[in-house]
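Here's the structure we're looking at; comments come further down.
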Amino acid sequence: MKYSNFFLPTLKDVPSDAEIISHKLMIRAGMIKQSSSGIYSWLPLGLLVLKKIEHIVREEQNRAGAIELLMPTIQSSDLWIKSGRYDDYGKEMLRITDRSGREMLYGPTNEELITDIFQSHISSYKDLPKNLYHIQWKFRDEVRPRFGVMRGREFLMKDNYSFDLNEEEAKKSYDIMFKAYIKTFIRMGLTPISLRAETGPIGGNLSHEFQILAKTGESTLYYDKKLESLNPENIDPNELQSFYAAVDDQHDEKNCPIQKKDLKISKGIEVGHIFYFGTKYSEKLNAYIQDQDGKNIPVHMGSYGIGVSRLVGAIIEANHDEKGIQWPTSVAPFKLAIINLMSDDQDCATKSMEYYDYFMKNEIEVILDDRICSVGKKLSDNELIGIPFQIIIGKRDLKNGFVEFKNRLNNKVEKIKVDDVTNFINNKLKI
RNA sequence: CGGGGAGUAGCGCAGCCUGGUAGCGCACCUGGUUUGGGACCAGGGGGUCGAAGGUUCGAAUCCUUUCUCCCCGACCA
């Protein structure tokens, strides 16, 4: 992508209604534009990141055996009346009346719909287990939306639903998702901390929430330091669930089961939540299956959510400095930025185009800053948007046969011989 | 939902107290000079001052109503 063809409206000043750092940076980096309170348009750069996150979530879900489908955003009130949640959800549910007076709603979650889909097609234990998911926009009319996409009213969520014969099988499904969640967040360059959680209005008896560490997080976490250095290739959900982790109001220093030297305290942001809730919805929505004895029993269910759009903000909260965003490479909108400092210098332009063509041909996600503007603006804009690897081409160094390489993740700069650039970058990208 | 704050050019703000027909910085356009850290000079475009009503000869400014947005708290993925 050439910067001059892209749509990337960066801002020097922060709009006054942004408070937290990720919100400010997302606006300044031209990732989002607010449309109403808690509702945002995703501009091209923001959308690229959102898609990256969505892609990782999808891959890990598929790998864990979940099957993707897509349910609508607008639902009829019927199923919600059956489940009893039409009244329970209250004002947080956005209700709409269609032209013939039917009561509709913008889905805040999908337990009802998925249970209905399940029950109309599956009736035998032989078809279990099943785990279905979708990645779809939700709407919850929050009393107080805030913090940009971290707590929007409209938000993108991955939610899936497991169906099992009994509690024991359901726990297996639960653990598979538990493991998939840890892997998902680690792949995004985050440090996930799993906590035993209250089940809340979704109900049930087993639940974990997943927080990621960020200095600016809202909750204070107390946890076993072992949780900070998990090997994603080797996760044992049961072992992991036995590690100590608690939010501040659950943590009691006197009764803490682990030694002080193993206890870490950090701030966190919640990005995922999983529940096992047994037969709560299957009974109400008639999702019964026949077991081996031909007996009709309600199916055991779990639901699992990841806040995809919230993760964009959360990743920024965990990865930024005073100059801007520092994208982990796995979610970066571009892997590489080629910054031509002297757009109207023939040598600089030729050299940057040469690199650009090479990386485009090799399918490296690259953005070429070919804008005609001052050096300072280019460098600071590129710091702001946080592309992890940057090649900076200027007249001064090019004359001597060098360009600069900048690693935005640690801000280290080194000079590279012009002929070594492609190999150098290829090696960096392999890691 | 309780408490607080704010709506004036794309963004950030001043003007409001004390009424006289709107200004600054950035951004944008034109020309020129620049070019390794958000450049400089000159010229230029852009506003029914959130909306409605009222007071007044005259309202961004005073009064009333209303809408929107933000912050703190409670609540929640």
Side-chain angles (χ1 to χ4, degrees), chain A residues 9-20 23-24 27-28 30 33-40 88-93 107-111 136-160 181 195 197-202 207-212 218-219 247 268-275 303-311 313-314 323-324 339-345 348-349 369 371-384 390 392-400 402-404 406 411 413 415:
Chain A
T10 57
L11 258 42
K12 204 150 108 177
D13 292 323
V14 204
S16 55
D17 51 5
E19 186 66 18
I20 61 163
H23 191 194
K24 287 180 181 170
I27 292 172
R28 288 193 51 216
K33 171 163 167 49
Q34 179 161 329
S35 161
S36 305
S37 180
I39 303 178
Y40 296 85
D88 292 354
Y89 238 93
K91 284 190 159 179
E92 216 170 288
M93 180 184 275
T109 179
N110 288 65
E111 277 84 5
Q136 177 64 290
W137 292 91
K138 308 289 191 293
F139 195 93
R140 294 183 194 171
D141 202 352
E142 292 281 341
V143 280
R144 194 182 152 210
R146 65 189 120 163
F147 303 152
V149 300
M150 298 270 283
R151 180 101 178 262
R153 293 194 291 171
E154 188 184 52
F155 57 100
L156 187 61
M157 179 162 117
K158 185 282 304 175
D159 45 322
N160 55 337
Y181 271 41
L195 303 99
E198 301 296 320
T199 46
I202 293 184
S207 173
H208 282 86
E209 63 178 59
F210 294 81
Q211 302 238 5
I212 57 97
E218 267 200 287
S219 351
V247 292
I269 298 167
E270 187 182 354
V271 291
H273 208 144
I274 64 178
F275 303 87
S303 75
Y304 314 85
I306 289 180
V308 175
S309 48
R310 173 181 283 187
L311 271 166
K323 291 180 169 169
I339 305 160
N340 178 5
L341 293 183
M342 305 291 147
S343 321
D344 47 7
D345 179 85
C348 291
D369 193 345
R371 291 174 300 167
I372 296 166
C373 63
S374 75
V375 172
K377 179 164 172 54
K378 279 192 188 182
L379 293 172
S380 52
D381 269 353
N382 278 285
E383 275 156 348
L384 174 64
Q390 307 181 355
I392 301 167
I393 298 164
K395 212 149 84 176
R396 192 186 67 196
D397 285 342
L398 193 60
K399 252 192 314 209
N400 303 317
F402 288 96
V403 300
E404 255 174 29
K406 175 167 176 173
N411 289 320
V413 177
K415 289 199 197 305

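In what follows, chains are A, B, ... by sequence order, proteins preceding strands, each numbered from 1.
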Output a table of donor-acceptor pairs, distance under 3.5 Å, between side-chain atoms of residues 144-154 of chain A and any protein atom two or more places apart or on a different chain; print 'none' if there are none.
residue: A:Arg151; atom: NE; partner: A:Glu142; partner atom: OE1; Å: 3.2
residue: A:Arg151; atom: NH2; partner: A:Glu142; partner atom: OE1; Å: 2.8
residue: A:Arg153; atom: NE; partner: A:Ser37; partner atom: O; Å: 2.8
residue: A:Arg153; atom: NH1; partner: A:Asp141; partner atom: OD1; Å: 2.9
residue: A:Arg153; atom: NH2; partner: A:Ser37; partner atom: O; Å: 3.1

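Separation of the C1' atoms belonging to B:A77 and B:G38 is 39 Å when rounded to the nearest angstrom. Look at the C1' atom in both B:C49 and B:U61: the space between them is 10 Å, to the nearest Å. For the P atoms, the distance from B:G73 to B:A14 is 25 Å, rounded to whole Å. On the P atoms, B:C16 is 14 Å away from B:U21, given to the nearest whole Å. Distance check on atom C1': B:A6 versus B:G44 gives 32 Å, rounded to whole Å. Comparing the same atom, P, in B:C28 and in B:G10 gives a spacing of 15 Å after rounding to whole Å. Nucleotides B:C17 and B:A60 have their C1' atoms positioned 14 Å apart, rounded to a whole Å. Atom P of B:U65 sits at a distance of 25 Å from the matching atom of B:G20, rounded to the whole Å.
Looking at heavy atoms from C-beta onward, A:Phe402 lies out of side-chain contact with A:Arg396 at the 4.5 angstrom threshold. Within the 4.5 Å cutoff, no side-chain heavy atoms of A:Asp345 are placed close to those of A:Asn340. A:Asp159 places a side-chain heavy atom less than 4.5 Å from the side chain of A:Lys138. The shortest side-chain heavy-atom distance between A:Thr109 and A:Arg140 falls under the 4.5 Å cut-off. Considering only heavy atoms from C-beta on, A:Ile269 stays 4.5 Å or farther from A:Glu218 through its side chain. In this structure the side chain of A:Lys91 never reaches within 4.5 angstrom of the side chain of A:Val143, judged on heavy atoms. For the pair A:Phe139 and A:Ile39, the minimum side-chain heavy-atom distance is below 4.5 Å.
Neither OP1 nor OP2 of B:A77 sits under 4.0 Å from any side-chain N or O of A:Gln211.
Across the strands present, B:G31 finds its partner in B:C41; the criterion is a Watson-Crick or G-U wobble pair with both atom distances under 3.5 angstrom. Look at B:G58: it lacks any Watson-Crick or wobble partner with both distances under 3.5 angstrom. Using Watson-Crick or G-U wobble geometry with both donor-acceptor distances under 3.5 Å, B:C1 finds its partner in B:G73. Across all strands shown, B:G53 forms a Watson-Crick or G-U wobble pair, both distances under 3.5 Å, with B:C63. Nucleotide B:A6 forms a pair with B:U68, judged by Watson-Crick or G-U wobble geometry with both contacts under 3.5 Å. Shown here, B:C13 forms a base pair with B:G23; the pair counts as Watson-Crick or G-U wobble because both key distances fall under 3.5 Å.
Nearer the 5' end of RNA chain B, as judged by each residue's closest nucleotide, is the contact made by A:Gly148, out of A:Met157 and A:Gly148. For the pair A:Gly152 and A:Pro145, nearest-nucleotide mapping onto RNA chain B gives the more 5' position to A:Pro145.
The distance between atom CG of A:Asp141 and atom C1' of B:C76, rounded to the nearest whole Å, is 13 Å. Rounded to whole angstrom, the span from the NZ atom of A:Lys406 across to the P atom of B:G37 amounts to 13 Å. Atom CZ in A:Arg28 sits about 17 Å away from atom P in B:C26, given to the nearest Å. Across the protein-nucleic acid pair, A:Asn340 atom CG and B:G36 atom P stand 13 Å apart, rounded to whole Å.
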Between protein and nucleic acid, restricted to nucleotides 73-75 of chain B and to nitrogen or oxygen atoms under 3.5 Å apart, what atom pairs and distances do you find?
residue: B:G73; atom: N7; partner: A:Arg144; partner atom: NH1; Å: 3.3
residue: B:A74; atom: N6; partner: A:Arg146; partner atom: NH2; Å: 3.2
residue: B:C75; atom: O2; partner: A:Arg151; partner atom: NH2; Å: 3.4
residue: B:C75; atom: N3; partner: A:Arg151; partner atom: NH2; Å: 3.3
residue: B:C75; atom: N4; partner: A:Arg146; partner atom: NH2; Å: 2.8

What's touching nucleotides 39-44 of chain B from the protein side, N or O pairs under 3.5 Å?
residue: B:A39; atom: OP2; partner: A:Ser374; partner atom: OG; Å: 2.7

Any protein N or O atoms within reach of nucleotides 5-15 of chain B? Criterion: under 3.5 Å, listing atom names and distances.
residue: B:G12; atom: OP1; partner: A:Ser16; partner atom: N; Å: 2.7
residue: B:G12; atom: OP1; partner: A:Ser16; partner atom: OG; Å: 3.4
residue: B:C13; atom: OP2; partner: A:Ser16; partner atom: OG; Å: 3.4

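Between A:Glu404 and the options A:Ile393, A:Leu398, A:Ile339, A:Ile392, a side-chain contact (heavy atoms from CB on, under 4.5 Å) holds for only A:Ile392.
Residues of residues 393-400 of chain A that place a heavy atom closer than 4.0 Å to RNA chain B, in numerical order, are A:Gly394, A:Lys395, A:Arg396, A:Asp397.
Residues meeting the salt bridge (charged side-chain N to carboxylate O under 4.0 Å, His left out) test with A:Asp369, sequence neighbours left out: A:Arg371.
In this model, no side-chain donor or acceptor of A:Glu383 finds a partner on the base of B:G38 within 3.5 Å.
Not a single donor-acceptor pair under 3.5 Å links the side chain of A:Gln211 to the backbone N or O of A:Ser219.
Residue contacts shown for A:Arg153 are absent, as no nucleic acid heavy atom lies under 4.0 Å away.
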